[in-house]
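As the structure is a prediction and not an experimental result, all values here were calculated from the model. Letters A, B, ... mirror the listed sequences (proteins, then strands); counts begin at 1.
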Number of protein chains: 2
Amino acid sequence: MKRKVTLKQIAKELDVSVSTVSKALRNSKEISLDTRSKVQAFAKLYNYRPNNIALSLKNKRTKTIGVIIPEIVHHFFSKVISGIEKEANNRGYNVIIGLSNESFDKEVINIEMLANGSIDGFILSVAKETLLLQDYHHFYETINQGMPIVMFDRVVNEIACDKVVVDDKLGSKKAVAKLIDSGCENIALITTKDYVNVGKLRTQGYLEALEEHKITPKSSLIIKVEENKDKEIEIETLEKEISALLDKEKSIDGIFAVNELYAITAMKIAINKGYKIPENMSIVAFTDGVLSKHAIPSLSTISQHAVEMGEKSATMLIDKLEELVDEEKYQTEVINTTLIERDTTR
Amino acid sequence: MKRKVTLKQIAKELDVSVSTVSKALRNSKEISLDTRSKVQAFAKLYNYRPNNIALSLKNKRTKTIGVIIPEIVHHFFSKVISGIEKEANNRGYNVIIGLSNESFDKEVINIEMLANGSIDGFILSVAKETLLLQDYHHFYETINQGMPIVMFDRVVNEIACDKVVVDDKLGSKKAVAKLIDSGCENIALITTKDYVNVGKLRTQGYLEALEEHKITPKSSLIIKVEENKDKEIEIETLEKEISALLDKEKSIDGIFAVNELYAITAMKIAINKGYKIPENMSIVAFTDGVLSKHAIPSLSTISQHAVEMGEKSATMLIDKLEELVDEEKYQTEVINTTLIERDTTR
DNA sequence: TGGTACTACGCAAACGTTTTCGTGTTGAAA
DNA sequence: TTTCAACACGAAAACGTTTGCGTAGTACCA
């Protein structure tokens, strides 16, 4: 087992100094052609590669991006990561991942672990618990130390940093408009409690779409789901609520859900109750993922272009790191949404 | 914007030497109580944190694990990652991610990028292209340089390293046995071409299960899917094959598919053709994911315990890194599979 | 007063690089 | 023979730590 070879070892072997070796490898004309080729041949033979850690220490930059997301077993987030990774790799950066599991403490710990020199900047999506507690000291500290942050999807407006978001309101309007245009008159909404920012915005979009089409919203058609760490329980509760809603409000002919799972759950219940989809019940979900695509019938959705979000986030961060862009100027990039029409709409 | 504070700055500020500061912070009794508390107070005030990179260079260990997987937008792999991350974080390690996108070249590049000091060891699942080319030089080089590797799921048998695999054959046997026990007599198999190792093993399990139950396998009931970078095309082709199969072999009353997507595709077609599931057509898939859980009807599957695979992989790697285990001894851990009975089986 | 023994600190090396600056050798010009 | 430039290389600092060892200063004892 031959350990990694260093400049020093090469120097000793060839009986020259470390600096000569370094210069020779970088093809400095300060070194004679003779020595240069000798060193380069030797280095190639022993498969010399400069030690990244030493370079990082010297250059005060690691060429590594820290990404902190609430969870990875989630189609949206893994898509974003693949976008980040793609762009980062193209520009010679590595990606190091931390998971907060929606927990404030884990988010703080992860940030602290990475902020001590391991990375050059963060891309992150804020944990729900953090949003609830509204404690953002770890973000402020990080930024204060001169480490740039790009927030995506779940952002904190009051923090001065670059952001990449989806136009939740407009996306929802598109979805609801589609339902109305295809003839739905009583559209139910399945959303989350208001403290989840995206839930709130999507609800607003729903309301605005109705108003623009001269339909007065009825709060009796809206279900606000209480999120639960245990998704099983959350969904079970939701099932009961949907079932009750459909029993009570017989006129419902359309459902807009703020995520795939809620939509699928609703669809399952509607089918059980004998509704024909999309003939007398249309469904659209926010967030496009595998579930929607492969559901039977396949679900019409609002796609958030997650990969693009990731790419854009990485671009913004790296541009800032490489000072291609004004350090003090923060931008908020809005990613477009697209309506993907599948089999749950007419 | 206050930059990160270093030992040197603290030393200068308090008019002592760097070593004194370092020792004081580590509470060495070599330093007077007086100085110690002074230094510690100052460090706390300025929120001093040792620079990870400097520590890595000095200690020759980064406390970071490199993970290379074929793709991240994949339920199985993201589950494994969450397992790795959990165990790694518990033991004070970070996780850095590389995606090969099933490409040999990207796999090599990723490994080379990370192997130069950035990480202490690898956890990886081999890209399909690499398996096809059978070019494993990058793995050998890495191991030769003294960097441990743990392979999971898609492993290369001939390489001497730790491995974590699923018992594909046994899992498949369980699935097929379930179908037979519930009364199926003509069970179709949807699998991949044989060069994908897991496809091959799962096919073997299917065959063995049939034989053990005195059923002679019929090759006319087996579809071997040619994988395609473009999943859309792959699935479209598959749809035609399944449709043709069901038209030709009317006696089929059970389907075993080597992954969720194949199973869902088959189910969709069967439903369209008027089969009642599970009354006159049962389906089981290998690999448990969101699709199976939320399909309508929900799909019975063989769960691979992906999180456990990740945890186990991380445990094995870290044990080796921390020399809790013999460096030269390589183990292969086999993770159990479980049959999850849902609504596509009787 | 001289010797001993702590105490409390500083120096310097080391990890692997890159880069600036200094220096010895050569050859040619004066 | 002297002078000077060009050439080819080495020494050392720097990045931020940790740690073994050396050493002032003090106190105590004989």
Atom-to-atom span, [atom1] of [X] to [atom2] of [N] - whole angstrom:
| X | N | atom1 | atom2 | value |
| --- | --- | --- | --- | --- |
| B:Leu55 | C:dA14 | CG | C1' | 14 Å |
| B:Lys38 | C:dA8 | NZ | P | 13 Å |
| B:Asn27 | C:dA8 | CG | P | 14 Å |
| A:Leu57 | C:dA14 | CG | C1' | 12 Å |
| A:Asn51 | C:dA14 | CG | C1' | 14 Å |
| B:Asn116 | C:dT17 | CG | C1' | 13 Å |
| A:Lys60 | C:dT19 | NZ | P | 16 Å |

With [X], the side chain to side chain contact (heavy atoms under 4.5 Å, CB included) member among [options]:
| X | options | value |
| --- | --- | --- |
| B:Leu7 | B:Ser17, B:Ser22, B:Ser19 | B:Ser22 |
| B:Met151 | B:Val164, B:Asp162, B:Leu124 | B:Leu124 |
| B:Met309 | B:Ile123, B:Ile335, B:Ile84 | B:Ile335 |

Between OG of B:Ser56 and CD1 of A:Ile53, what distance do you get to the nearest 0.5 Å?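 CD1 of A:Ile53 is found 4.5 Å from OG of B:Ser56.
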
Pairwise distance CG(A:Asn116) to CD1(A:Ile111) - rounded to 0.5 angstrom: 11.5 Å

NA contact type, [X], heavy-atom cut-off 4.0 Å: base, sugar-phosphate, or nothing?
| X | value |
| --- | --- |
| A:Arg49 | sugar-phosphate |
| B:Lys23 | base |
| B:Leu7 | base |
| A:Ser22 | base |
| B:Thr35 | sugar-phosphate |
| A:Lys58 | base |

Looking at B:Asp15, I want to see if its CG is surrounded by more than 12 non-hydrogen atoms of other residues, nucleotides or ligands under 6.0 Å.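 Counting other residues, nucleotides and ligands, CG of B:Asp15 stays at 12 neighbours or fewer.
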
In terms of side-chain heavy atoms, does A:Asn47 have a donor or acceptor partner in A:Lys4 at a distance below 3.5 Å? no

Any side-chain donor near an acceptor of the partner, A:His138 and A:Glu112, under 3.5 Å: no

Confirm from the modelled atom types if B:Glu30 and C:dC6 form a donor-acceptor pair under 3.5 Å, side chain to base only.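 Donor-acceptor pair under 3.5 Å: no.
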
Contacts to DNA chain D from residues 11-21 of chain A, heavy-atom cutoff under 4.0 Å, which residues?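 Result for residues 11-21 of chain A: A:Val16, A:Ser17, A:Ser19, A:Thr20, sorted by number.
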
Name the first nucleotide and the last nucleotide along DNA chain D (5' to 3') that come under 4.0 Å of a heavy atom in chain A. D:dA8 to D:dG16

Sorted by position of nearest nucleotide on DNA chain C, 5' first, the leading residue of A:Arg26 and B:Lys29 is B:Lys29

5'-most contact on DNA chain D (nearest-nucleotide basis), A:Arg36 vs B:Gln9, goes to A:Arg36

Can we say A:Asp120 and A:Lys63 salt-bridge, meaning some charged N sits less than 4.0 Å from an Asp/Glu carboxylate O?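 Looking at A:Lys63 together with A:Asp120, the answer is no, because their closest N to O distance does not fall below 4.0 Å.
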
Side chain to side chain donor-acceptor pair (under 3.5 Å) contacts in which one or both residues fall within residues 148-160 of chain A, not counting sequence neighbours: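 For residues 148-160 of chain A, and leaving out neighbouring residues, the side chain to side chain donor-acceptor pair (under 3.5 Å) pairs sorted by first residue read A:Glu102-A:Arg154.
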
